[in-house]
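Data block below; observations after.
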Amino acid sequence: MGEGALELLAERIRDYRAQVRLVRAEEIPNAVAKALRARNARRIVVPPGFPAEWLASGECEWLSDEGPLTPAELDRVDGVITSCVVAIAETGTLVLDGGTGQGRRALTLIPDYHLCVVPVGRVVRTVAEAMPLLDPIRPLTWISGPSATSDIELDRVEGVHGPRTLEVIVVG
Amino acid sequence: MSGHTYLGMPAFPERSAAAVQDAQLRHNLRHATRTIRGKRAAVIDELPDWPGAREAAKEIKDRTLRHLDRYLVQLEEAVTAAGGTVHWAADAAEANRIVVGLVEATGERSVVKVKSMATQEIGLNEALESAGITAYETDLAELIVQLGEDTPSHILVPAIHRNRAEIREIFQRAMADWGRPAPGDLTDDPRALAEAARLHLRERFMSTRVAVSGANFMVAETGTLVVLESEGNGRMCLTLPETLISVVGIEKTIPTWEDLSVFLELLPRSSTGERMNPYTTTWTGVTPGDGPQTFHLVLLDNGRTDVLADQVGRQALRCIRCSACLNVCPVYQRTGGHAYGSVYPGPIGAILTPQLRGMQSELDASLPYASTLCGACYEVCPVAIDIPEVLVHLRARAVQESGHRAERLAMRAARWVLERPVRLTRAQNAAGRFRRLIPKRLPGPLGGWTDTRDLPPVPRESFRAWWRRTEKGDS
Ligand code: SF4
């Protein structure tokens, strides 16, 4: 991982106009609660395996995907909270593989707000370092900032179809 | 390709003269290309070893192309093992027939599409339309192009020839015909226009059962397809429908998962000038409980194996469609993409289109001349395609081919296979999968040869026997 990888990751994600908080492990529940409160987000999808102890906030309704949730239901939630399998510092990229705490792909696609917690030990510096940690058999989503387009006179506009707000909590 | 035809178009000089007069277009192009150039330079400089990465990318692509037949078979096996179905299409007509058949088999009458140059190249939307199936484009730029009944003009920013006022006007006029109308108070603020597109397409994403995509890369070893995008419409198409059909040119193959890393470093930086594009999706066959449960991969040849046969020209197949060469090209900046009369505009179009389509039409034969040979395109190309070299080579070929065209092409193809005996078995292996590959291509050399020499065609089964008898073609 090397010196300063967490700071680099935070800086590079911020370059994509996403909000990033660097916290210690014991601060996670508080950081999560604060982020959701600031957005007034109450109905939050929680994928299978996401650590329950990080969801301390009593103000939220935590929605499980056992069912599973339909696209229309996902369209009506306030947001989704996940972890990731790898984060790449140099490019400010989060990679989700549908594993524990991440859920199937639709969960981080349809809601308009995505809060991602990057657990300890998941940060690498380069894309090349990330490859061997990823299993190509699983469907992967690489996320570098909120959805965006530059199709209209090259003005970058956040959010066409994916979540228009991406927020990241990096645990170090 | 109803209303969008590229056939019978005037040659490049006439088309470009018309475009150069369009001041709006020229202004947009200048602004756009300058902006992207600056961003690209900054993030390329950041790479610790750009020449090394470029060389690695070139080497991977060359190795793949040298053994393409083998990698394609490996890819097919991996995709099949992961629950996908692979189809081989020798040309546009066959690819269209396959896709139309697959959509019809689902009983659906519409598909959502994520931007794909391969499907534009084969005119898939028009083929679907003839079969009564509506194809909805979902990239913002493609949506603008589709609603404006237009053709794309830039690989990366297909609607670069439209300004915001025009886009607003197109949305207000045409969105209602295609689905949810534009909001009544729509302004020309890019944010408002993007929001209108979001609303217009959201319901469609959630209700359409079939999606059609291309892919930026296919990993032979694992059977993984890779799509890079920005807006999230790609993820919508690749995730929500029940059936996914991907149409991909065979040259998009790379050997291993590790090989992907250098391209993920180079493509976004060269293309949009970002360290990474907002979204990249990779998938392998089907995954129970996540995404489409039926997956079809249509491998498209459509002239590519012909290009492989040309030792100088084949480097064009390394192209990863980043569009960096367009943004530095003085000719492109003045004429815009439409002058090239093909889905592949700019310097790469000038060398790819004539090779894919042959140089029979006046437009295609004129494309190798659509350049000043200044070399800027080569400098920026992340896979080091020497575009000026190929241009010069194609100019010579355009002259030559007024003569014994078929024979020359045939012998060139033969040389490529015969250079190394091991290619033959593999070639036949792959050839057998492209139904129409024979007799046009690999043993195709002989097919072409017999055409001009008026000899009976060589049956495909006897090719191997001929090979042995003549001591591996050396006699
Ligand atoms: S030829 Fe090179 S620079 Fe041009 S689009 Fe292809 S990869 Fe990019």
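Chain letters run A, B, ... following the sequence lines, proteins first and then strands; every chain starts at 1. Predicted, not measured: the structure shown is a model, and the values here were computed from it. Just so it is clear, the values below take in all heavy atoms, side chains as well, and ignore hydrogens, waters and symmetry mates.
- The shortest side-chain heavy-atom distance between B/L228 and A/W142 does not fall under the 4.5 Å cut-off.
- Highest contact tally toward chain B, considering only A/D75, A/L109, A/I137, A/T141, is held by A/L109 [criterion: heavy-atom pairs under 4.5 Å].
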Q. Can you check side-chain contact (heavy atoms from CB on, under 4.5 Å) on B/D290 and A/R138, steps first, answer last?
A. CA-CA 10 Å; B/D290 189 350; A/R138 312 182 73 104; over 6 Å; no
Q. How far apart are the C-alpha atoms of B/M236 and A/V160, what are their side-chain angles, what is the distance that settles it, and do they pass the side-chain contact (heavy atoms from CB on, under 4.5 Å) test?
A. CA-CA 11 Å; B/M236 290 279 180; A/V160 190; over 6 Å; no
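- Heavy atoms closer than 4.5 Å to chain B are found nowhere in A/A130, neither backbone nor side chain.
- In terms of heavy atoms, A/P136 sits closest to B/T284 at O-OG1, 2.6 Å.
- Among A/L140, A/I143, A/L166, the residue making the largest number of heavy-atom pairs under 4.5 Å with chain B is A/L140.
- Closest approach of A/R105 to B/L238, counting heavy atoms only: NH1-O, 3.9 Å.
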Q) Given the rule in the side-chain contact (heavy atoms from CB on, under 4.5 Å) test, do A/R164 and B/R198 qualify, once you have shown the distances and angles that lead to the verdict? A) CA-CA 11 Å; A/R164 287 185 280 194; B/R198 180 183 172 97; 3.5 Å; yes
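- Interface summary for chain A: among B/E229, B/M206, B/E195, B/E274, the most heavy-atom pairs under 4.5 angstrom belong to B/M206.
- Comparing A/P132, A/P71, A/A148 by how many heavy-atom pairs each has under 4.5 Å with chain B, the most go to A/A148.
- More than 12 non-hydrogen atoms from other residues, nucleotides or ligands lie less than 6.0 angstrom from NZ of B/K39.
- For A/L107, no part lies under 4.5 angstrom from a heavy atom of chain B.
- Residue A/E66 places its CD atom among 12 or fewer non-hydrogen atoms of other residues, nucleotides or ligands, all under 6.0 Å distant.
- The two atoms that bring B/G289 and A/R104 nearest to each other are O-CD, 3.5 Å, heavy atoms only.
- Atom NE2 of A/H161 is separated from atom SG of B/C237 by 8.5 Å, given to the nearest 0.5 angstrom.
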Q | Verdict with reasoning, B/R275 to A/D15, per salt bridge (charged side-chain N to carboxylate O under 4.0 Å, His left out) | A | CA-CA 10 Å; B/R275 295 187 184 104; A/D15 278 356; 2.8 Å; yes
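- When all heavy atoms of A/P139 and B/T287 are compared, the pair lying nearest together is CD-OG1, 3.4 Å.
- Only the backbone of B/N277 comes within less than 4.5 Å of a heavy atom of chain A; no side-chain atom from C-beta onward does.
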Q. Does the side chain to side chain donor-acceptor pair (under 3.5 Å) test come out yes or no for A/T149 and B/E231, once each step is laid out?
A. CA-CA 6 Å; A/T149 181; B/E231 297 170 17; 3.2 Å; yes
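- The two residues B/Y279 and A/G162 come nearest to each other via the heavy atoms OH-CA, 3.7 Å.
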Q | Stepwise side-chain contact (heavy atoms from CB on, under 4.5 Å) test for A/T91 and B/R269 | A | CA-CA 10 Å; A/T91 58; B/R269 288 177 200 260; 4.0 Å; yes
Q: Could you go through the salt bridge (charged side-chain N to carboxylate O under 4.0 Å, His left out) check for B/E46 and A/R12 one step at a time?
A: CA-CA 13 Å; B/E46 227 176 71; A/R12 294 286 155 94; 3.7 Å; yes
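- Pairing each heavy atom of A/A106 with each of B/T239, the nearest pair is N-CG2, 3.7 Å.
- A/L74 does not touch chain B: none of its heavy atoms, backbone or side chain, sits under 4.5 Å away.
- Atom CD of B/E203 has 12 or fewer heavy atoms from other residues, nucleotides or ligands within 6.0 Å.
- For chain B, the nearby part of A/T93 is the side chain; its heavy atoms alone come within less than 4.5 Å.
- Between chain A and the residues B/G223, B/A194, B/G232, B/P190, the largest count of heavy-atom pairs under 4.5 Å involves B/P190.
- Interface summary for chain A: among B/D139, B/L140, B/T281, B/T224, the most heavy-atom pairs under 4.5 angstrom belong to B/L140.
- Contact annotation for B/S207: neither backbone nor side-chain heavy atoms come within less than 4.5 Å of a heavy atom of chain A.
- For the 3.5 Å distance criterion, the side chains of B/R235 and A/T108 qualify, holding a donor opposite an acceptor.
- Counting heavy atoms of neighbouring residues, nucleotides and ligands inside a 6.0 Å radius, atom CZ of B/R204 exceeds 12 of them.
- Contacts between A/P163 and chain B at a heavy-atom distance below 4.5 Å involve backbone atoms as well as side-chain atoms.
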